[in-house]
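A quick write-up on the structure given underneath.
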Amino acid sequence: MDLYFYNTLTKRKDLFKPINPEEIRIYSCGPTVYKDATIGNMRTNIFQDILRRVLRYNGYKIKHAMNITDVGHLVSDGDEGEDKMLKSAREEHKSPIQIAEHYTKLFFDDLKSLNIETPEIVCKATDHIKEMLEYVEELIKNGYAYETSTAIYFDVSKLDKYPILTNIELENQKAGARVNVDPEKRNPYDFALWIKAPENHLMKWNSPWGPSYPGWHIECSAMGQKYLGDQFDIHTGGIDLIPTHHENEIAQSKGKCEKIPANYWLHGEYLLINGGKMSKSLGNVYLLKDIKEKGYDPLVYKIFSYSCHYRNKLNFTWEGIDAASKSLERLRNSYQKNLNGTDELPEEDKQKLVQIEENFHKAINDDLNMPLAMSFVWEVARFEKKNPEVANLLAKFDTVLGIKIDEISSQKEDIPQEILDLVEQRKIARENKNWAKSDKLRDLIAEKGYTVKDTKNGMELSKVSKGTPFFDMLQ
RNA sequence: GGCGCCUUAGCCAAGCGGUAAGGCACGAGUCUGCAAAACUCUGAUGAUCGGUCCGACUCCGAUAGGCGCCUCCA
């Protein structure tokens with residue numbers, strides 16, 4: 001089945017044609033590990049995960065590289081200011097390496113919680129200083145870079161066209177309006193490839209230009225080329241990376257080998273909080289931890305993100321999380337019911353399932369249209385006949401969704417004896433048709449964080465955790 | 001100043017030039033001692049105005065409101 005991606009490079013949906021159908025090569029701009037990853041960052045990681053899963057659903061093998069930026073970007077100014085890694089290090093009284101290790105671990109913990117696959121290649125910037133230096137030297141050799149008293153700059157005027165990802169005319173831009181432009185730069189839009197370190201700079205390496213450290217964009221170019229080659233299939237990142245980071249990666253690659261590094265550039269939109277941007281100053285930054293602490297299964301956030309296309313802004317609200325929580329619970333419920341279902345599936349129904357699967361496949365292949373795909377997931381989840389074949393289809397869909405649809409809630413032995421006693425008492429009360437006592441016990445159990453329900457098959461007990469179904473049957 | 005995006009039922013949110021997917025919530029019902037769960041049913045003419053067209057939510061223009069980028073940011 002044809003696969004389409006909206007390509008920032010061409011500004012339209014393009015049919016996906018792999019360079020080598022045997023292996024799709026992808027590069028994703030990963031985290032800068034100097035602070036907690038927010039749920040906004042995670043939205044982008046979820047989008048990248050869906051991309052992987054959809055490619056695999058289509059039978060492709062993948063070689064996916066993601067960088068860990070452990071030598072900081074600059075804090076604020078164009079090419080100056082304190083390094084972010086160093087700032088965190090100073091504030092938290094740790095070494096830059098400790099900071100990087102700490103936040104790298106937290107980042108991967110979040111990915112794990114969200115059932116996001118780890119890329120085949122995870123590469124740290126500080127492990128590739130040599131490759132970066134070689135890259136810069138080559139740019140100088142090719143005439144695309146020059147040295148000033150403070151840095152090595154990329155000369156954008158040497159390119160046939162800059163920028164190419166956006167339609168802006170540089171003359172109309174207010175370069176330097178908010179940032180002081182280094183007077184030694186040849187063009188205001190020249191960016192630093194390599195920066196000469198001040199005396200007391202913590203992270204620095206020896207180079208032909210003395211103790212110094214890399215600029216922001218060079219790491220992705222160097223590592224992308226090392227692991228995926230001069231040209232690979234797909235490059236991804238957040239939408240904010242378009243005008244600067246990705247533009248400059250393209251510039252670097254053109255300067256080095258006259259090629260645009262990737263054929264398809266996919267960008268994920270922002271997550272909004274109450275209709276606006278998430279920012280520390282507004283105090284509306286949420287972490288995955290915050291969602292967990294409210295008792296939600298972290299995968300609830302994943303479902304939540306499927307309600308909106310990755311190229312549209314998604315507004316985060318707790319109401320939305322609550323809705324997603326119900327959805328996750330119901331989908332898992334449906335899976336279990338179908339797994340244990342004994343309804344016959346007539347040929348007609350089997351045909352229907354085949355048709356729905358095709359619709360699902362078409363939706364995910366149309367630029368990862370998850371909201372539409374979810375509507376077909378629901379069609380299956382709400383299928384009238386309950387049969388393991390229906391469960392199998394849900395499981396197949398879950399290879400894309402990654403919501404652990406086959407997960408059931410905690411085991412009986414996790415339930416405290418106190419609760420089990422109350423349940424037993426209630427059972428006796430019900431047998432004696434003492435409804436008043438029975439209801440009172442149910443309230444008491446609820447107060448202690450458990451929910452008890454009466455079904456035809458007996459009582460169901462579950463911990464009140466949001467997103468997991470009620471499947472602890474107590475006979 | 002420049003570039004760009006968005007506005008669909010209470011909320012979240014798709015597709016589509018030919019009379020609006022889905023999820024959550026609400027309401028009604030089936031079931032149940034009750035409740036819960038499950039299942040069934042139920043709602044929008046598409047920010048406003050104008051144009052093109054046999055026909056527009058879907059194209060074009062204008063207006064209003066909201067948002068993003070041009071600086072580090074997913």
Side-chain angles (χ1 to χ4, degrees), chain A residues 11 28-32 34-35 37-48 72-81 83-84 163 166-180 189 216 236-245 267-272 275-280 303-304 306-317 319-331 333-334 337 359 363 366 369-379 381-382 384 386 430 433-436 438-439 442-443 446 451-456 460 462 469-470:
Chain A
K11 294 166 189 68
S28 294
C29 290
T32 305
Y34 67 96
K35 63 170 183 184
T38 67
I39 54 173
N41 300 128
M42 285 304 136
R43 186 183 178 203
T44 303
N45 286 100
I46 289 170
F47 141 62
Q48 286 162 178
H73 305 168
L74 302 152
V75 163
S76 59
D77 306 325
D79 296 306
E80 295 177 12
D83 186 291
K84 281 178 180 173
T166 43
N167 277 330
I168 55 172
E169 295 294 327
L170 293 184
E171 298 75 53
N172 294 332
Q173 301 302 304
K174 293 185 170 177
R178 300 164 68 184
V179 185
N180 289 325
Y189 280 85
W216 172 26
T236 73
I239 197 166
D240 51 300
L241 299 181
I242 296 171
T244 307
H245 183 53
H267 293 98
E269 249 290 359
Y270 268 130
L271 178 79
L272 305 181
K277 210 172 154 177
M278 174 168 16
S279 80
K280 267 188 183 164
I303 290 244
F304 170 73
Y306 296 160
S307 69
C308 178
H309 189 95
Y310 78 90
R311 280 193 294 115
N312 286 140
K313 295 176 182 73
L314 170 60
N315 195 21
F316 178 87
T317 59
E319 238 181 329
I321 288 296
D322 215 45
S325 168
K326 294 257 170 53
S327 296
L328 180 58
E329 188 180 317
R330 284 177 184 164
L331 289 173
N333 244 320
S334 169
K337 287 214 161 127
N359 289 339
D366 181 17
N369 191 337
M370 292 311 289
L372 184 60
M374 284 308 288
S375 71
F376 300 120
V377 173
W378 282 106
E379 241 184 272
R382 296 240 150 105
E384 200 186 335
K386 301 300 171 198
R430 292 190 76 237
K433 298 201 188 296
N434 187 345
W435 308 128
S438 161
D439 290 350
R442 181 166 57 200
D443 290 345
T451 305
V452 63
K453 298 179 196 175
D454 307 303
T455 72
K456 282 171 190 160
E460 279 180 18
S462 71
F470 303 100

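Worth saying up front: this structure is predicted, and the values here are computed from it rather than measured. Quick note on labels: first sequence line is chain A, next is B, and so on, each numbered from 1.
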Set of residues satisfying ring pair (Phe, Tyr, Trp, His ring centres under 6.0 Å) with respect to [X], sequence neighbours excluded:
X: H245(A); answer: W216(A), H217(A)
X: F316(A); answer: Y286(A), F304(A), W318(A)
X: Y306(A); answer: none

Under the rule for side chain to side chain contact (heavy atoms under 4.5 Å, CB included), what residues qualify as partners of [X], not counting sequence neighbours?
X: S307(A); answer: L314(A)
X: T166(A); answer: P163(A), I168(A), I242(A), E247(A)
X: D439(A); answer: R442(A)
X: A363(A); answer: L372(A), A373(A), F376(A)

Using whole Å, report how far [atom1] of [X] lies from [atom2] of [N].
X: L241(A); N: C69(B); atom1: CG; atom2: P; result: 13 Å
X: I242(A); N: C69(B); atom1: CD1; atom2: P; result: 12 Å
X: K453(A); N: A36(B); atom1: NZ; atom2: P; result: 10 Å
X: K277(A); N: C72(B); atom1: NZ; atom2: P; result: 12 Å
X: R442(A); N: G33(B); atom1: CZ; atom2: P; result: 12 Å
X: D443(A); N: A36(B); atom1: CG; atom2: C1'; result: 12 Å
X: I239(A); N: A74(B); atom1: CD1; atom2: C1'; result: 10 Å
X: H245(A); N: C72(B); atom1: NE2; atom2: P; result: 12 Å

Distance between the [atom1] atoms of [N] and [M], in whole angstroms?
N: G15(B); M: U7(B); atom1: P; answer: 10 Å
N: A35(B); M: U30(B); atom1: C1'; answer: 16 Å
N: G61(B); M: C5(B); atom1: P; answer: 11 Å
N: U52(B); M: G18(B); atom1: C1'; answer: 16 Å
N: A62(B); M: U19(B); atom1: C1'; answer: 27 Å
N: G33(B); M: U42(B); atom1: C1'; answer: 29 Å
N: G22(B); M: A44(B); atom1: P; answer: 14 Å
N: U45(B); M: U58(B); atom1: C1'; answer: 13 Å

>> Just to be sure I understand the rule, does F47(A) reach a base, reach only the sugar-phosphate, or reach nothing, if contact means heavy atoms closer than 4.0 Å?
In response: nothing
>> Under 4.0 Å, counting only non-hydrogen atoms across every strand here, what does G40(A) touch: a base, just sugar-phosphate, or nothing?
In response: base
>> Pair M370(A), V377(A) - check side-chain contact (heavy atoms from CB on, under 4.5 Å), show working.
In response: CA-CA 10 Å; M370(A) 292 311 289; V377(A) 173; over 6 Å; no
>> Protein within reach of the bases, or only the backbone? For nucleotides 23-28 of chain B, mark each nucleotide 5' to 3' as B, S or -, using heavy atoms under 4.0 Å.
In response: SSS---
Applying the Watson-Crick and G-U wobble criteria at under 3.5 Å, what pairs with [N]? Answer none if nothing qualifies.
N: U19(B); value: none
N: G43(B); value: none
N: C24(B); value: G10(B)
N: G68(B); value: C3(B)
N: C49(B); value: G61(B)
N: U32(B); value: none

>> With a 4.5 Å cut-off on side-chain heavy atoms, are I239(A) and T44(A) touching?
In response: no
> Below 4.5 Å, heavy atoms only, C-beta onward: do S325(A) and R330(A) meet side chain to side chain?
Replying inline: no
>> I'd like to know if D439(A) reaches the base of G33(B) with its side chain, counting only an N/O donor and acceptor under 3.5 Å.
In response: yes
> Considering heavy-atom distances to RNA chain B, does R43(A) or E379(A) have its closest nucleotide positioned more toward the 5' end?
Replying inline: E379(A)
>> If you assign each of A436(A) and S334(A) to its closest nucleotide in RNA chain B, which residue comes earlier from the 5' end?
In response: A436(A)
>> Looking at E269(A) and K313(A), is there a salt bridge between them, counting it only when a charged N and a carboxylate O are closer than 4.0 Å?
In response: yes
> Of the nucleotides A35(B), G33(B), A74(B), which has the atom closest to the L271(A) side chain?
Replying inline: A74(B)
Could I get a table of every N or O pair under 3.5 Å where one atom is in the protein and the other is in nucleotides 12-15 of chain B?
unit_1 : atom_1 : unit_2  : atom_2 : d
C12(B) : O2'    : S307(A) : OG     : 3.4
A13(B) : O3'    : S307(A) : O      : 3.4
A13(B) : O2'    : S307(A) : O      : 3.1
A14(B) : OP1    : H309(A) : N      : 3.2
A14(B) : OP1    : N312(A) : OD1    : 2.9
A14(B) : O3'    : N369(A) : ND2    : 3.4

> Quick one: which of M278(A), K277(A), R43(A) gives a side chain to side chain contact (heavy atoms under 4.5 Å, CB included) with Y270(A)?
Replying inline: K277(A)
